[in-house]
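Each chain gets a letter, A, B and so on, in the order the sequences are listed, and its residues count up from 1.
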Protein chains: 2
Amino acid sequence: MGRWVPGARGRLQRAAFELFAERGFEQTTVAEIAARAELTERTFFRHFTDKREVLFAGQDELTTRIVAALAAAPAELSALDAAVVAVEASAEVLGPRPDGPRARQTVIDAHPELRERELIKMEGLVAAIAEGLGRRGVPAAAASLAASSAVAVFRMGFERWIGDDGGRGVEEHIREALVELREVAGAS
Amino acid sequence: MGRWVPGARGRLQRAAFELFAERGFEQTTVAEIAARAELTERTFFRHFTDKREVLFAGQDELTTRIVAALAAAPAELSALDAAVVAVEASAEVLGPRPDGPRARQTVIDAHPELRERELIKMEGLVAAIAEGLGRRGVPAAAASLAASSAVAVFRMGFERWIGDDGGRGVEEHIREALVELREVAGAS
DNA sequence: TCGCCCGATGTCAGCGACTGACATGAGCGT
DNA sequence: ACGCTCATGTCAGTCGCTGACATCGGGCGA
């Protein structure tokens, strides 16, 4: 399957990541990324629809994993519990150390255009979870709200995780956030 | 204050809206919008940072209104209740009839780039509400989660409102969504 | 009343993201 | 050995967006 030098996509990702870290997202040109990867600008756009998309290549894997975990979750769990358990499975994709994710997030947070892309990916995740809950028999509205809540909880947990040097896992942070959500949404 | 023909900004908005409806967002060029408004492309970009931004001009007013309503909400309300009451104030900006908002939403939903912009506006709203809750003495984490939940509820209410011919107000739909959220997030 | 200044608009040139069309060349099967 | 396929290269062009400078009409002080 590989002609020429294989791994073009990976080289582009690595080159992009390096350059974004070195001189920032806007100051990096797609042509420069391609050059460092010893490829052409045109080839970059054959692998990534967007200049931004190169930073979100792993997102699909995250979603896939979470949806799989949701399908595997015990049937007795409530919609929200199942969704949060699923979201905890992100730990397998994110790994034990927050260093990589933190560096990536630093780049993203510095650029509104990248935050936009991140948000739409998150909404894709919400939709996927809601769909998965639907397959568990949860009504659409409840599924949607549970998915939104689970992702909000995930985001808070993730944020604390990358800001945490204590070496605790994402899952712990996520579970903590869930407790807080329940307090907030508890009886009026 | 007005030299030349006044109301440039408004003319640009109207022209953009018309053209987007006529031939779609991508098929419309900024130069064309400016031409229909009898202005220059350059002038368009002096009024709107973005080609997309022209569709979101009203968003700031919405956020302002909601934040004001939050500040005015009774102090006894829980964080979530206060946030949802605030979000119900969107009715004043949205108006009684969903026709306009529906048309606008149709354009947005058809274009991923516009959905991205919408999402980041929504996150701006979440942040503003969380900040407002902070001023009410709500701890940061709870404020953030309550704001996320309130906006999720708002979105669901809004969605049902524009899909509803029964003439019920946004507020009703929002309140219904809140009830569902409480059921979902209730005891595990 | 005259003339100066300001602020909104116009003009121009240019960069960089992205796309379509076509060319090329290395491996693979036959 | 031949030709097909498919990743990549090449080229030209469109459009979003920006900086620098010009213009011009109205308000305002002298």
When the distance from CZ of A/Phe25 to C1' of C/dG16 is rounded to whole Å, what number comes out? 12 Å

Nearest to the side chain of A/Thr40 - C/dC12, C/dA17, D/dT10? D/dT10

Around B/Arg14, counting heavy atoms of other residues, nucleotides and ligands shown, do more than 12 lie under 6.0 Å from its CZ? no

Are OP1 or OP2 of D/dT8 and a side-chain N or O of A/His47 less than 4.0 angstrom apart? yes

Have a look at B/Ala8 and say if it touches a base, only the backbone sugar-phosphate, or nothing, with a 4.0 Å heavy-atom cut-off. sugar-phosphate

Residue-phosphate contact under 4.0 Å: B/Thr29 side-chain N/O, D/dG16 OP1/OP2: yes

When the distance from NE2 of A/His111 to P of C/dA17 is rounded to whole Å, what number comes out? 13 Å

Using a 3.5 Å distance criterion without hydrogens, assess whether the side chain of B/Ser78 forms a donor-acceptor pair with backbone atoms of B/Asp81. yes

Examine the side chains of A/Gln105 and A/Glu118 and answer whether a donor and an acceptor come within less than 3.5 Å of each other. yes

Work out which heavy atom in B/Ala147 is nearest to a heavy atom in B/Val126; give both atom names and the distance. CB-O, 3.4 Å

Please determine, for the side chain of A/Thr43, which listed nucleotide (D/dT8, C/dA17, D/dC17) has the closest atom? D/dT8

Between B/Asp50 (CG) and D/dC15 (P), how many Å, whole number? 17 Å

Gap between atoms CG and C1', on B/Leu12 and C/dA8 respectively (whole Å): 12 Å

When you measure from the side chain of A/Leu39, which nucleotide among C/dG10, D/dG9, D/dG16 comes out closest? D/dG9

Rounded interatomic separation in angstrom, taking CD from B/Glu38 and P from C/dT9: 13 Å

Between the main-chain N or O of A/Thr63 and the side-chain N or O of A/Lys121, is there a donor-acceptor pair closer than 3.5 Å? no

Candidate nucleotides D/dG19, C/dT9, D/dG16, ranked by approach to the side chain of B/Arg42 - the nearest: D/dG19

Could you tell me how far apart B/Glu41 (CD) and C/dA8 (C1') are, to the nearest whole angstrom? 17 Å

Give a yes or no on whether a donor-acceptor pair under 3.5 Å exists between the nucleobase atoms of C/dG10, that is its base, and the side chain of B/Arg46. yes

Quick one: B/Glu113 CD to C/dA17 P, roughly how many Å, whole number? 16 Å

